[in-house]
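Only a predicted model underlies this, so the values are computations on that prediction, with no experimental measurement involved.
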Amino acid sequence: MDSKTVLTGIFGYPVGHSMSPLMHNAAFQALGLNYRYGAFSIPGHSLKSAVEGIRALGFRGVNVTIPHKVEVMEYLDEIDDEALQIGAVNTIVNENGKLIGYNTDGQGYVCSLLQEWETPLSGKKVVILGAGGAARAVAVSLARHGVKEMVIANRSVEKAQGLAEHVQNLVKASAISMEDLNRGKKLEVDLLINTTSVGMYPNIHNVPISLDLIHDGLMISDLIYNPLNTELLIKGKEVGAKTMNGLGMFIHQGSLAFELWTGMKPPVDLMKETVLKQLKNS
């Protein structure tokens, strides 16, 4: 670092587990950019001051993660249309003191899905497990990319209904409780997406859905990337389903943020290798 170093980072609470600094700093170094990326643990009561600090300290921008993605919108000067539709911001860009909020989660997910699945999304039927912030980003972005129909399944059916209603102006959407979904027959859809934390390390043997529902006609997508192969994905492969983990979404959402800050396309393969190496060593 020197007196011309451009600062970026991630705001969240906690952030000690984040792999974003390793990923972004590797990409900055590879492109010869005098940028640095740090992790900032920001408790809720300090969020407004921290956002003001972006402007005061001349940060180029930051990523925003749990639990600040919604509240941070109150403190920004402008919000991108897709972020407004999602109702959350995960990337802030400082344009000469004007703070603009974006959401690269949904776009990052769609980029990784199209890369892995290699099939158009138009006309597809989708089941999304969970109704939190990640589900919201994924649902809005899939709707904007032309999926035909989606079902939101959640332990709280009221929360699932809230998300279904939120995207109904974009796509045919309905809600169901996880309990009722698990009582049903095999899923007559094209794509199953787990946006919950069920199956994440250390509870790696848990699954978010009855395994009787999965079959070889599905693409099963799990947003979890630690472990890279969740129990849901392992069982999906055993019945012949196509599968994808959450690493691609994480890399691509970071790649899109990188591009917003620098105007340059980052070395995505290097970013992926950096995260994979860290996952193997952790």
Side-chain angles (χ1 to χ4, degrees), residues 8-13 15 18-20 23-24 37 40 42 47-48 50-51 54 59-95 98-115 121 126 128 130-147 150 152 159 162-171 173 193 195-197 221 223-225 246-263 265-266 268 271:
T8 62
I10 184 167
F11 286 4
Y13 192 78
V15 289
S18 176
M19 296 189 191
S20 293
M23 177 175 77
H24 282 283
Y37 187 109
F40 302 91
I42 311 291
L47 180 61
K48 184 178 181 181
V51 173
I54 298 170
F59 274 52
R60 174 56 175 148
V62 297
N63 287 131
V64 183
T65 189
I66 294 168
H68 301 319
K69 291 184 182 184
V70 176
E71 184 188 344
V72 78
M73 297 173 76
E74 299 174 28
Y75 312 129
L76 304 179
D77 300 309
E78 186 178 310
I79 298 171
D80 172 73
D81 284 346
E82 185 162 354
L84 276 174
Q85 281 190 317
I86 292 168
V89 159
N90 82 324
T91 301
I92 299 170
V93 179
N94 181 0
E95 296 286 5
K98 182 180 182 181
L99 302 184
I100 306 171
Y102 297 86
N103 193 308
T104 66
D105 283 333
Q107 287 184 58
Y109 176 74
V110 169
C111 284
S112 63
L113 179 64
L114 290 171
Q115 193 174 66
L121 299 181
V126 185
I128 297 176
R136 208 174 172 90
V138 165
V140 168
S141 292
L142 286 175
R144 287 167 65 106
H145 281 80
V147 299
M150 65 176 64
I152 314 295
K159 197 170 179 183
L163 178 51
E165 288 168 8
H166 183 75
V167 296
Q168 271 175 352
N169 63 323
L170 299 170
V171 66
I193 308 167
T195 73
T196 78
S197 60
S221 168
L223 301 196
I224 293 168
Y225 60 87
L247 182 61
M249 176 181 176
F250 176 65
I251 301 299
H252 282 288
Q253 64 78 29
S255 167
L256 291 165
F258 185 104
E259 199 168 339
L260 285 169
W261 296 325
T262 67
K265 291 194 177 296
V268 174
M271 293 167 79

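The two residues L170 and A143 come nearest to each other via the heavy atoms CB-CB, 3.6 Å. The minimum heavy-atom distance between W261 and N63, with the atom names listed, is CH2-OD1, 3.4 Å. Counting all heavy atoms, side chain and backbone alike, I10 lies closest to S20 at CD1-OG, 4.1 Å. Nearest heavy atoms, V70 versus G87: CG2-O, 3.6 Å. The shortest non-hydrogen separation linking V110 to S141 is CG2-CB, 3.8 Å. Taking both residues in full, the closest heavy atoms of Y75 and V51 are given as O-CG1, 3.8 Å, listed atom of the first, atom of the second, then distance.
How far CD1 of I92 is from CG of L260: 12.0 Å, rounded to the nearest 0.5 Å. H145 NE2 to L114 CG: the interatomic distance, rounded to the nearest 0.5 Å, is 6.5 Å. To the nearest 0.5 Å, atoms CD1 (I42) and CG (L47) are separated by 7.5 Å. The line from CD of E71 to NZ of K48 is 10.0 Å long, rounded to the nearest 0.5 Å.
Residues L223 and Y109 form a side-chain contact, since some pair of their non-hydrogen atoms from C-beta on lies under 4.5 Å apart. Contact check for T91 versus V64: no side-chain heavy atoms found under the 4.5 Å cut-off. When side chains are defined from C-beta on, M73 counts as touching L84, because their heavy atoms get closer than 4.5 Å. Looking at heavy atoms from C-beta onward, I100 lies out of side-chain contact with N94 at the 4.5 angstrom threshold. Between V167 and M150 the shortest side-chain heavy-atom distance falls below 4.5 Å. Using a 4.5 Å heavy-atom threshold, the side chains of L99 and I54 count as touching. The side-chain heavy atoms of D80 and N103, taken from C-beta on, include no pair separated by under 4.5 Å. Two residues are said to be in side-chain contact when any heavy atoms from C-beta on lie closer than 4.5 Å; T8 and Y37 meet this criterion.
Under 4.0 Å is where a charged nitrogen must lie from a carboxylate oxygen, and between R136 and D105 no such pair does.
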List, one per line, each side-chain donor-acceptor pair under 3.5 Å for residues 247-256, sequence neighbours excluded.
from	atom 1	to	atom 2	distance (Å)
H252	NE2	Q115	OE1	3.4
Q253	OE1	N90	ND2	3.4
Q253	NE2	F250	O	3.0

Could you walk me through whether T196 and I224 pass side-chain contact (heavy atoms from CB on, under 4.5 Å), step by step? CA-CA 8 Å; T196 78; I224 293 168; 5.9 Å; no
Which is it for R144 and Q85 under the side-chain contact (heavy atoms from CB on, under 4.5 Å) test, yes or no, and what are the steps along the way? CA-CA 10 Å; R144 287 167 65 106; Q85 281 190 317; 2.5 Å; yes
Derivation and outcome, side-chain contact (heavy atoms from CB on, under 4.5 Å), residues R60 and T262: CA-CA 9 Å; R60 174 56 175 148; T262 67; over 6 Å; no
Under the side-chain contact (heavy atoms from CB on, under 4.5 Å) rule, what do T195 and I193 come out as? Steps first, then yes or no, please. CA-CA 6 Å; T195 73; I193 308 167; 3.9 Å; yes
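In the displayed structure, F40 atom CZ is contacted under 6.0 Å by more than 12 heavy atoms of other residues, nucleotides or ligands.
Listed by chain and residue number, nothing satisfies the side chain to side chain donor-acceptor pair (under 3.5 Å) test with Y102 (two or more places apart in sequence, or in another chain).
Taking the six-membered ring for Trp, F59 and F11 have ring centres at least 6.0 Å apart.
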